[in-house]
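Chain naming here is simple, since letters A, B, ... match the order of the sequence lines and numbering starts at 1 in each. Computation of the quantities below employed the complete heavy-atom set of this structure, encompassing side-chain atoms and omitting hydrogens, waters and symmetry-equivalent molecules.
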Protein chains: 4
Amino acid sequence: MASKTPVGFIGLGNMGNPMAKNLMKHGYPLIIYDVFPDACKEFQDAGEQVVSSPADVAEKADRIITMLPTSINAIEAYSGANGILKKVKKGSLLIDSSTIDPAISKELAKEAEKMGAVFMDAPVSGGVGAARSGNLTFMVGGVEDEFAAAQELLGCMGSNVVYCGAVGTGQAAKICNNMLLAISMIGTAETMNLGIRLGLDPKLLAKILNMSSGRCWSSDSYNPVPGVMDGVPSANNYQGGFGTTLMAKDLGLAQDSATSTKSPILLGSQAHQIYRMMCAKGYSKKDFSSVFQFLREEETF
Amino acid sequence: MASKTPVGFIGLGNMGNPMAKNLMKHGYPLIIYDVFPDACKEFQDAGEQVVSSPADVAEKADRIITMLPTSINAIEAYSGANGILKKVKKGSLLIDSSTIDPAISKELAKEAEKMGAVFMDAPVSGGVGAARSGNLTFMVGGVEDEFAAAQELLGCMGSNVVYCGAVGTGQAAKICNNMLLAISMIGTAETMNLGIRLGLDPKLLAKILNMSSGRCWSSDSYNPVPGVMDGVPSANNYQGGFGTTLMAKDLGLAQDSATSTKSPILLGSQAHQIYRMMCAKGYSKKDFSSVFQFLREEETF
Amino acid sequence: MASKTPVGFIGLGNMGNPMAKNLMKHGYPLIIYDVFPDACKEFQDAGEQVVSSPADVAEKADRIITMLPTSINAIEAYSGANGILKKVKKGSLLIDSSTIDPAISKELAKEAEKMGAVFMDAPVSGGVGAARSGNLTFMVGGVEDEFAAAQELLGCMGSNVVYCGAVGTGQAAKICNNMLLAISMIGTAETMNLGIRLGLDPKLLAKILNMSSGRCWSSDSYNPVPGVMDGVPSANNYQGGFGTTLMAKDLGLAQDSATSTKSPILLGSQAHQIYRMMCAKGYSKKDFSSVFQFLREEETF
Amino acid sequence: MASKTPVGFIGLGNMGNPMAKNLMKHGYPLIIYDVFPDACKEFQDAGEQVVSSPADVAEKADRIITMLPTSINAIEAYSGANGILKKVKKGSLLIDSSTIDPAISKELAKEAEKMGAVFMDAPVSGGVGAARSGNLTFMVGGVEDEFAAAQELLGCMGSNVVYCGAVGTGQAAKICNNMLLAISMIGTAETMNLGIRLGLDPKLLAKILNMSSGRCWSSDSYNPVPGVMDGVPSANNYQGGFGTTLMAKDLGLAQDSATSTKSPILLGSQAHQIYRMMCAKGYSKKDFSSVFQFLREEETF
């Protein structure tokens, strides 16, 4: 174990922190960077090496994982004045687990290639809990020959590492899943609300849907109506889970991808707008299943 | 078996015909009526009694099943000048398997009650194939005490007879399921199309969705993309299955119910409009999963 | 003037009250009925005759105007147990100024015809202010031969009496106008909000739109952005004007008409849902231009 | 007149060609570039100077106008390997009349500023006809001090030159206007179609809308229903006018701007998707008012 070469890790936020720790558990020494020095402290105390820029990470490690909140942060970390690509070594493997626009993943891959490095996109599904327990799903896009190398590292942090195709397809898969998730969650919330107003018992309605063609993950595994299921955010005042703000962000990426590829997404667009409005109405930090509550509010005459 | 009392059956169309035959197989003599005399011929030849109005059915049978295409037909069959309620016997059990507005089911139940009869709504899910094999699902609304009596008959035609609550809730459950089905089918079609344009292989994308939170019946059991699954309408040029026109009709009922109960259905409304437009663009007789084809057409510049 | 025969008036609410008074000013004796006796008191004190049912109105007057809040109220007033049609005289002229489903107007006209009476639909545009000043617009549907007779009365209450065609077309015109109004108001609100966030001055943006192809009544005569125009509800915290609840009701009628005629209304449906949601979010009594405020709320992270 | 200094012009397409000619008519010698050499021939024959790259234009002219189809083309012309900014002279005035993402306009302005030049965005409204007759409207964003200099040139090509504010606001104004235009056009088409199906005469309905609160440019100046107005595309099988493809492009820009500023555009998004679908259904080259035809198609059962 001691002979493992160090892995760079950039972005130690809510998700990056437990992911990096899982790499440590598997015996990888880390080279750490985060724009917020406080985020690095815990790792420094644990004996990992903290450096002062993404470029410095690239100087010291030829396998780097990045986990950043937005496209802009990813561009800065790779192509910025002190970015990875300023000092990346030939043959390095760069794995971006951020959820960003697939067009930007492709762009970064091209720039990396010019420097003799390989860039792969590997966004995750599963939240902070799955990050802690090492049960994330990684959707990976990039040159197939490098997939095994990526899998070696990603397998320390996730239980499911899926190869999706050329660079950008990892993002595409993530975005597509979340768009369909948003649509079916809103659909489930509308349907449950309508059924209740038409006199159906919520548990019975959920049961009927789940044995019929209306069945979906949002109805059978994450039902948004309080009282229908235990152990889901709707049973806990919509705390925890996957926040409305994050869903709105992913739908923005889906929208951008659809616009640039001229793909009609009538319901996807509408789902984007609904989550956008929820963010403005006080739901930004609640789980995205709170759309049931958003729709449910009674009219007051 | 010979001692069974006759059952009235009104509406011998694509669905009613095989349903009535299943009652016959279980030994029930039938009293038959259809506005199109030709639809009755087959039953007359088989020795069943054909009469000339719904009222005449009610005179000869105290258990009646109706299977009609629209709310207007149901109103005519029950409340028309020669309708069931003109001659219904006290204590009769009237079961309407048509898919109609739940508000109308409630109205008919009230009128039946005035005549001392019991009206239940029992719309079905499952198409002509399930009607033939006796595998329909019935969603039943009405007085709970009468459910066992209804179940005796419905169980001859379906494998699943679910009690949903007060009169109208059978319709409500049917409408709710189909609204969520329409939303998730369109969502699946948009998502698969977007993913394909972003470079993902359709089979792989379906696999990823189906092991993730985007999973729904439309993605895992009835995928709308040709080549992804066998034995579904998308594998057969969208022939068979559940027609776009029928889906548009059910969404119209969902819309009416939502408007009258003031329930917001942002995606449900949009789904209704999309299936409405498909009907006008030559998709009316194709399976409702053809929305993938509808969205897919390429731009031509 | 004294020789004018009495006119029946049913429904003395916010709109009916000032309308009836304008008929009085023009010298018409009134036969009055309202389900709320208090609403009649003022007219009784002024010497008009108050009776105890719509049927009684029909017994004493052969020209009757009805002004009721919903389709259900109109059906009750005409076809109820003590409705107008129970005692209507042959040759009577029945004018319904309620805003209701045109399909119901047609139904009532048929029933009136059976009794030898003429029913016309004549919904109004213009609010309480226009009702007081006698400046309403009436959109009239019905037999063209009777239009002059209707115009004689309606002209006392409105400055604009437009013949629209067969019975039901008055409602159709009203519903169509309000649907387009709702769409363009929401569109104006979205556009102004987007422009402001992109750095444009609201007054300048309104000016540019109003001299360009984006111009509409909502942008040039009733701008929803506070500070852009004087004398409109947006300048007065969205008080007065045309309430969100009323707009939601009219959009529900448009939706029902579109569903029954199988007319696609993609934006009309969406506008309906948006006003429906606003009713549930505390906007029900504000002017319908408050959709700007509804969209405007800032996201809070 | 002979003493006027030359003006650079890049992009001699359908719009750029007549715009450049209007500059010539006002006595400005031109320095010409287009990626398609054929587009320059006419100008060369007329004695204007044709060069081989945007950089070469910048070397010979200190006032440059660009008129390009997409954001990508504009980025290439300004920031490409042979772009304007490679050889731009200090103090140059760069006016971009392309319709592009305002975020890109801002970016180009920053880059120009670094080179000591001034960049302004000045997109146009009005089509090829207005370009020929010199009646375009220019919406101009940029440093206010330079507006007079821009106006000198733009006034040769347009009858209306409006200062909108900081750089990017010209694009913002254009995009906002076109988004509201698309919404009100679709709304007008839905409304006219619904009204006709409810029995209203199209001309009468248009007249009623135009004297009421449903009035908008699409109903009173560009009505989409054949037979209602003369001299508009709907009177000529939707030929000429503003193509559906161009509207879809502008709505894509509106969508991008709304996503990046987190502005909810529920109807704007839907309008974008509708025009996107029309492009895929054979309407790409028809005028955007053909949405009436798109919605109008009859259902065939």
Take D/Arg215 and C/Asp220, measure what side-chain contact (heavy atoms from CB on, under 4.5 Å) needs, and give me the verdict at the end. CA-CA 10 Å; D/Arg215 166 177 63 76; C/Asp220 71 14; 3.1 Å; yes

Verdict with reasoning, C/Cys164 to D/Ile208, per side-chain contact (heavy atoms from CB on, under 4.5 Å): CA-CA 9 Å; C/Cys164 296; D/Ile208 292 171; 3.6 Å; yes

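Among C/Leu200, C/Thr137, C/Asn178, the residue making the largest number of heavy-atom pairs under 4.5 Å with chain D is C/Leu200. Your options are D/Gln270, D/Met179, D/Met185, and the one with the most heavy-atom pairs under 4.5 Å with chain C is D/Met179. If you tally non-hydrogen atom pairs under 4.5 Å between each of D/Cys216, D/Ala103, D/Cys176 and chain C, the highest count goes to D/Cys176. Contacts with chain C were tallied for D/Leu181, D/Asn177, D/Val162; D/Asn177 has the most, counting heavy-atom pairs under 4.5 Å. When the candidates D/Leu198, D/Ile186, D/Asp201, D/Ile175 are compared by the number of heavy-atom contacts under 4.5 Å with chain C, D/Leu198 comes out ahead. Heavy-atom pairs under 4.5 Å with chain C were tallied for D/Pro264, D/Gly187, D/Ser184, D/Gly165; the largest tally goes to D/Pro264.
Taking 4.5 Å as the heavy-atom cut-off, none of the residues of residues 222-230 of chain D approach chain C. Residues of residues 252-261 of chain D that come within less than 4.5 angstrom of chain C, heavy atom to heavy atom, are D/Ala254, D/Ser257, D/Ala258, D/Thr261 in numerical order.
For chain C, the nearby parts of D/Ser213 are the backbone and the side chain; heavy atoms of each come within less than 4.5 Å. With a 4.5 angstrom heavy-atom cutoff, C/Ala166 does not touch chain D via any of its atoms. The part of C/Met211 that comes within reach of chain D is its side chain, from C-beta onward, which places non-hydrogen atoms under 4.5 angstrom from that chain. For chain D, no part of C/Ile196 is nearby; none of its heavy atoms comes within less than 4.5 Å. For D/Met139, the part lying near chain C is the side chain, with the backbone staying farther off; criterion is any non-hydrogen pair under 4.5 Å. Looking at C/Thr188, both its backbone and its side chain come within 4.5 Å of chain D, counting heavy atoms on both sides. The parts of C/Leu266 that come within reach of chain D are both its backbone and its side chain, each placing non-hydrogen atoms under 4.5 angstrom from that chain.
Separation of atoms CG (D/Leu194) and OG (C/Ser263) is listed at 5.0 Å; rounding is to 0.5 Å. The CG atom of D/Leu180 sits 12.0 Å away from the CD1 atom of C/Ile183 when rounded to the nearest 0.5 Å.
Counted within 6.0 Å of CD on D/Glu113, heavy atoms from surrounding residues, nucleotides or ligands total 12 or fewer; the atom is thus considered open.
Using a 4.5 Å heavy-atom cutoff, the side chains of D/Leu204 and C/Thr169 are not in contact.
C/Glu190 contributes a side-chain N or O that, together with a main-chain N or O of D/Leu267, makes up a donor-acceptor pair within less than 3.5 Å.
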